[in-house]
Amino acid sequence: MIKAPRGTRDLLPPDTALWNFVEAAVRDVFRAYNFHETRTPIFESTELFARGVGEETDIVTKEMFTWEDPQQRYVQLRDSYIEASNAFKEGRPPSGKLVPLELLAGTQSLTLRPENTAGIVRAYIEHKLWDRGLNKFFSIGPMFRRERPQKGRYRQFYQIDAEVIGPPSSGSESPARDAEILELVATLLDRVGITGWTLQLNSVGCPVDRAKFNEALKQALAPVIDKMCVDCQRRAVTNPLRVFDCKVPEDQPIIATLPTISQFLDEACRAHYEEVKSILNAVQIPYVENPRLVRGLDYYTRTAFEFTHGSLGAQNAILGGGRYDGLSKALGGPAAPGIGFAIGEDRLVLALAASVESVYRKPDVYIAPLGPGLNGEAARLARELRRHDLVVELGDGSFRLKKSFEAADKMGARYILIVGENEVAANAFALKNLASGEQVTVPRSELAERILRK
RNA sequence: GUGGGAGUAGCUCAACCGGUAGAGCAUCGGACUGUGGCUCCGACGGUUGCGGGUUCAAUUCCCGUCUCCCACCCCA
């Protein structure tokens with residue numbers, strides 16, 4: 001039997017009703033904050049993620065679905081040729097790399113997107129979206145990471161993603177945007193019925209601050225590192241910030257003595273962070289400061305945050321995000337400060353209080369044609385009722401009435417409508433409420449209204 | 001990638017020390033020709049995840065592999 005590949009799964013009714021409920025609520029909230037939808041490709045050039053997410057991150061080094069796609073490099077070849085010919089005319093050496101001819105029929109490395117921000121920023125640069133001022137985007141779609149599956153963690157998973165990006169003159173750098181995003185998330189979680197979330201907040205400063213902090217951290221770790229766990233010893237070399245993620249109890253007293261990033265923020269970053277917190281207080285969004293909160297991706301600056309939820313086991317982060325003021329430049333674009341977040345939709349649905357029953361819409365009426373010649377009449381009635389936005393299910397003339405009743409019952413229809421010879425002749429139909437057992441004969445013209453009335 | 005647990009009917013689960021694979025629910029049919037939920041009867045449903053090994057005999061023991069679950073790593 002062919003099965004869904006590891007780490008993927010089928011979302012089926014009635015569960016999909018829950019997903020639709022979430023997405024509808026999310027779209028409502030985004031609308032109120034003037035966010036608009038984007039849909040970027042599910043695969044991009046591998047280079048985009050290597051440069052955007054960070055060459056050394058786990059995501060890029062071991063978790064991406066990457067393949068080589070045969071491709072004729074017309075564009076590079078053409079640009080290379082134009083530059084060469086211009087250079088020749090102007091009597092100067094050509095700039096940039098000349099694409100050798102043997103690459104004409106080479107390959108292009110492509111990757112299923114492991115996250116969405118890089119793609120959005122790529123689109124921002126490609127379409128020169130700075131001309132629009134401040135862009136507020138959201139998108140909903142699948143991401144792909146080749147990780148070992150676990151509860152709330154899949155190889156194809158879904159993210160609800162929001163990004164605010166624009167030139168500095170558009171206010172994209174303002175702490176007001178950070179606070180607005182955080183307040184939006186809080187609203188969104190409340191709206192879909194997630195209770196008991198915790199907002200953890202920190203500022204990771206500018207790259208310069210982080211470099212200074214990293215240095216101080218290394219110095220602080222040097223004398224104590226041999227007393228710590230093997231994971232920490234490894235982290236101390238590869239990524240000292242990650243030492244703060246350590247969960248080994250024996251290490252905690254040592255970790256408590258380590259410097260925190262907050263001590264190394266420059267004046268601008270500190271003021272920015274203070275303003276974010278001040279606005280959050282003004283709109284009464286609760287948060288806890290977590291000076292050890294760091295982000296896994298290289299591009300993050302300043303505000304970093306995470307919303308966690310207790311019901312999710314070890315994968316307790318329901319969403320994470322932060323500011324990425326340097327990303328656009330890193331991808332070859334202009335300065336374009338931005339801030340965004342990504343909700344793990346799979347995890348959001350897991351944490352949802354709403355039950356499937358409460359959002360799964362059942363048929364309003366089941367139409368039971370009584371006899372093989374009555375399918376046409378039943379279909380006409382169904383068509384009329386569906387125009388009134390009623391959910392209509394249709395039986396078959398070959399069914400015995402008992403079977404129609406059972407079918408209607410099973411799918412949870414509110415009413416059954418019996419379409420027999422007598423009813424057609426009278427142009428009035430037997431309508432029975434399946435819950436109460438009450439049955440009335442209703443003229444065709446009053447059917448929709450009667451069913452809608454409940 | 002590392003460590004641990006688990007895979008038996010569509011679903012939830014049985015099957016004692018290795019001895020011919022079972023129940024409930026669900027599905028379909030009948031009792032019951034135009035009135036459901038209840039009841040009764042019957043039917044359908046299986047390469048016991050897959051492959052190999054040990055054995056007279058394997059769902060059971062061993063090895064490999066796949067998938068899921070839990071934790072680590074990392075992250076949403």
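Note that the structure is a prediction, hence the values are computed from the model and not measured.
Remark: A/R9 is positioned above the aromatic ring of A/Y154, its terminal NZ or CZ atom under 6.0 angstrom from the ring centre and at most 45 degrees off the axis. Taking the centre and axis of the six-membered ring of A/F405, the NZ or CZ atom of A/K402 falls outside the cone set by 45° and 6.0 Å. Annotation: cation-pi pair A/K277/A/Y273 present, NZ/CZ under 6.0 Å from the ring centroid and within 45° of its normal.
The P atoms of B/rC63 and B/rG3 are separated by 15 Å, rounded to the nearest whole Å. With C1' as the reference atom, B/rG19 and B/rA57 are 7 Å apart, rounded to whole Å. On the C1' atoms, B/rG29 is 42 Å away from B/rG5, given to the nearest whole Å. Separation of the C1' atoms belonging to B/rU67 and B/rU27 is 27 Å when rounded to the nearest angstrom. The same atom, C1', is picked in B/rA58 and in B/rU20; the two are 13 Å apart, to the nearest Å. For the P atoms, the distance from B/rC16 to B/rG10 is 22 Å, rounded to whole Å.
The base of B/rU35 lies close enough to the side chain of A/K432 for a donor and an acceptor atom to sit less than 3.5 Å apart. A donor-acceptor contact under 3.5 Å is not formed by the side chain of A/E63 with the base of B/rG1. Judged by distance alone, with hydrogens and angles left aside, A/R153 brings no side-chain donor or acceptor close enough to the base of B/rC75 to form a pair under 3.5 Å. A donor-acceptor contact under 3.5 angstrom links the side-chain atoms of A/R145 to the base of B/rA76. You won't find any donor-acceptor pair under 3.5 Å spanning the side chain of A/R146 and the base of B/rG1, going by distance alone.
Against the 90° criterion about 0, the sugar-base torsion of B/rC17 places it in the syn range.
Computed from coordinates, the A/M64 CE to B/rC74 P distance equals 18 Å when rounded to whole Å.
The side chain of A/A317 has B/rA76 as its nearest neighbour among B/rC69, B/rA31, B/rA76. Among the nucleotides B/rU35, B/rC69, B/rC73, the one closest to the side chain of A/Q439 is B/rU35. Among the nucleotides B/rU67, B/rA76, B/rA26, the one closest to the side chain of A/K410 is B/rA26. In this structure, of B/rG34, B/rU2, B/rC75, it is B/rG34 that holds the atom nearest to the side chain of A/I418. The side chain of A/P149 sits closest to B/rC68 out of B/rG34, B/rA26, B/rC68. Checking B/rC74, B/rC69, B/rG34 against every side-chain atom of A/D58, the shortest atom distance belongs to B/rC74. The side chain of A/E147 has B/rC74 as its nearest neighbour among B/rC69, B/rC74, B/rG29. The listed nucleotides are B/rC32, B/rU35, B/rA26; the one nearest the side chain of A/K402 is B/rC32. The A/R148 side chain lies nearest to B/rA71 when the options are B/rA76, B/rA71, B/rU35. Set against B/rC32, B/rC73, B/rA76, the side chain of A/Q150 has B/rC73 as its closest nucleotide.
For the pair A/E163 and A/K136, the salt-bridge criterion is not met [side-chain N within less than 4.0 Å of a carboxylate O].
At a threshold of 4.5 Å between non-hydrogen side-chain atoms, the residues A/N433 and A/R414 do not count as touching.
Looking at heavy-atom distances under 4.0 Å, A/G437 makes contact with a base.
The aromatic ring of A/F157 sits over the base of B/rA76, with ring centres less than 5.5 Å apart and planes inclined by under 30°.
In terms of heavy atoms, A/A378 sits closest to A/P369 at CB-CB, 3.8 Å.
Pairing for B/rG24 is with B/rC11, a Watson-Crick or G-U wobble pair whose two hydrogen-bonding atom distances lie under 3.5 Å. Taking a pair to require two hydrogen-bonding distances under 3.5 Å in either a Watson-Crick or a G-U wobble arrangement, B/rC74 remains unpaired. Using the Watson-Crick or G-U wobble rule with both distances under 3.5 Å, B/rG46 pairs with nothing in any strand shown.
For the pair A/E406 and A/L319, both in contact range of RNA chain B, the more 5′-proximal nearest nucleotide belongs to A/E406.
In this structure, A/R347 contributes its side chain and A/G152 its backbone to a donor-acceptor pair below 3.5 Å.
For A/R400 and B/rG34, the shortest distance from a side-chain N or O to OP1 or OP2 is below 4.0 Å.
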